[in-house]
Structure formats: C-alpha cells, structure tokens
Amino acid sequence: MASNQPSVFIDGEAGTTGLGIRQRLEAMPGIALRSLPAARRKDRSARQDMMAECDLVVLCLPDDAAREAVGLAGALGGTAPKLLDASTAHRVDPEWTYGFRKWRPISPA
C-alpha cells in the first residue's frame, strides 16, 4: 500500500464479531480500515482484490467461509496479507498460532 498506515480488511464485518472488531479498530489511530459494499461482500473476486490491497485481513466468518478466505489469500502468493482468523476454523491447525498464520508484526510500507 502507498499509505504509511497499515490497512485492515475485516472479512465478515457485518456479523457480531466483525462489528465488535471494527468498532475497536475505529478507535485506534493509525489504522486504515477497508470495506466492501454490502452487495459485494460475498463476491469471491471482490474479496480477493481487497485482500491484495491490505496488510491484514481479519476473518470473522463461519468456518467453511474462513477456510475459503485463506485459499483466496493464499492464491495471492507473496503479496498475500497477514491473516487473523476469529473463527474456530484454524484454532487447532498446527500452521496457525492463536489465530495468526505465520505471524509477523505489521509495519507501514
């Protein structure tokens, strides 16, 4: 991203968990929150395009949808964002630690 602020996309922001996370992030200066219009939230292509533009994607989705989102991000290769999964889809997956996949702190570009 061209901005000095890390950008965050909450995939599933319309649900209870997503709304709560969004509210907390809105109160934090220095974070650019990104969203999709309601009509495009389930559009795989739109979600993947948004992921390509962000530093971090928070998954607030049902487990199957969270797994699908990980696949969308993974298809971006080296430009994939960091992922934080708030679902139960990856809680016991050995490739994930406490909801983060291959966690590294976000730093501005």
Exercise. Over all heavy atoms of both residues, which pair between A46 and R40 is shortest? Give the atoms and the distance, please.
Key: CB-NH2, 3.3 Å
Just list the side-chain donor-acceptor pairs under 3.5 Å for residues 23-33, sequence neighbours left out, or say none.
unit_1 : atom_1 : unit_2 : atom_2 : d
R24    : NH1    : G20    : O      : 3.0
E26    : OE2    : R22    : NE     : 3.3

Quiz prompt | Spacing of H90 atom NE2 and D63 atom CG [to the nearest 0.5 Å] | solution = 8.5 Å
Exercise. Enter the distance from L72:CG to S45:OG here, rounded to the nearest 0.5 Å.
Key: 9.0 Å
Quiz item: According to the side-chain hydrogen bond (donor to acceptor under 3.5 Å, both in side chains) rule, which pairs have a member within residues 65-75, sequence neighbours left out?
Solution: R44-E68, R47-E68, D64-R67
Practice problem: Heavy atoms only: give me the nearest D55-P6 pair and the separation to one decimal. | Solution: OD2-CA, 3.2 Å
Self-check item: For A14 against R41, the heavy-atom pair lying closest together
Solution: CB-NH1, 3.4 Å
Quiz item: Any idea which heavy atoms bring T17 and C60 closest together, and the distance?
Solution: CG2-SG, 3.9 Å
Exercise. Considering non-hydrogen atoms only, spot the tightest contact between P81 and L56 and give its length.
Key: CB-N, 4.1 Å
Self-check item: Minimal non-hydrogen separation, A80 against A73, with atom names
Solution: CB-O, 3.2 Å
Quiz item: Quick one: do L76 and L36 end up in the same hydrophobic cluster if we chain Ile, Leu, Val, Met, Phe, Trp and Tyr together by side-chain heavy atoms under 4.5 Å apart?
Solution: yes
Practice problem: Report yes or no: does D11 contribute a side-chain atom to a donor-acceptor pair with the main-chain N or O of L59 at less than 3.5 Å? | Solution: no
Quiz item: Are the side chain of S87 and the backbone of P62 linked by a donor-acceptor contact shorter than 3.5 Å?
Solution: no
Practice problem: Enter the distance from M50:CE to S35:OG here, rounded to the nearest 0.5 Å. | Solution: 7.0 Å
